[in-house]
Amino acid sequence: NCLYLCEKIETTPSLWQVVGQKYIRLYSPEQTAKLHPHSTQLLHNTSQVDVENPDLVNFPEFQLADFQECTLRPGDVLFIPVKYWHYVRSLDISFSVSFWWS
């Protein structure tokens with residue numbers, strides 16, 4: 001249930017849905033402070049917040065974070081903008097392909 005940051009400026013990731021469905025949330029870079037990234041270099045692109053069960057006592061700003069959401073179905077492609085945080089959850093048995101391109 002983690003949020004991840006797409007941080008490489010020279011690449012643009014896309015998620016191609018092949019089988020099943022996936023729920024997606026995207027948070028813009030302006031929301032980063034509300035997402036509470038880890039402070040260590042190893043996990044700096046990972047949020048401390050459990051998206052589906054947020055600890056609003058320790059991370060109250062998370063509930064104020066704006067996001068966009070969608071459901072990917074077979075044949076759908078989602079382009080994830082650089083520096084956007086993304087959360088992905090399978091809604092059923094699913095398979096997708098991620099592609100990072102310059």
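- Under the rule for a side-chain hydrogen bond (donor to acceptor under 3.5 Å, both in side chains), the partners of S90 that lie at least two apart in sequence or sit in another chain are S94.
- Proximity of R73 to K22: side-chain heavy atoms (C-beta onward) are nowhere separated by under 4.5 Å.
- Contact check for V97 versus F95: side-chain heavy atoms found under the 4.5 Å cut-off.
- Put simply, the side chain of P54 does not reach to within 4.5 Å of the side chain of F59, judged on heavy atoms.
- The shortest heavy-atom contact between T71 and Q21 is CG2-OE1, 3.6 Å.
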- Go through the steps for Y23 and Y87 under the test side-chain contact (heavy atoms from CB on, under 4.5 Å), then give the verdict. CA-CA 8 Å; Y23 171 75; Y87 168 74; 4.0 Å; yes

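- At least one side-chain heavy atom of F62 sits less than 4.5 Å from a side-chain heavy atom of L35.
- The distance from atom OG of S28 to atom NZ of K83, rounded to the nearest 0.5 Å, is 13.0 Å.
- The closest side-chain heavy-atom distance from E52 to R89 is below 4.5 Å.
- Counting only heavy atoms from C-beta outward, the side chains of Q31 and W85 never approach each other to under 4.5 Å.
- The distance from the CD1 atom of I24 to the CG atom of L91 is 8.5 Å, given to the nearest 0.5 Å.
- The shortest side-chain heavy-atom distance between P81 and F79 does not fall under the 4.5 Å cut-off.
- Note: Y27 OH to S47 OG = 8.5 Å, rounded to the nearest 0.5 Å.
- With values rounded to the nearest 0.5 angstrom, R25 atom CZ is found 6.0 Å from E69 atom CD.
- Heavy-atom minimum distance, G20 versus P74: O-CD, 3.1 Å.
- Annotation: the span from Q63 atom CD to K34 atom NZ amounts to 11.0 Å, rounded to 0.5 Å.
- Not counting sequence neighbours, the partners of D55 by the side-chain hydrogen bond (donor to acceptor under 3.5 Å, both in side chains) test are N58.
- More than 12 heavy-atom neighbours from other residues, nucleotides or ligands sit within 6.0 angstrom of CG on L64.
- Between S96 and L15 the shortest heavy-atom distance is OG-CD1, 3.5 Å.
- In this structure, I80 CD1 and S14 OG are separated by 8.0 Å, a value rounded to the nearest 0.5 Å.
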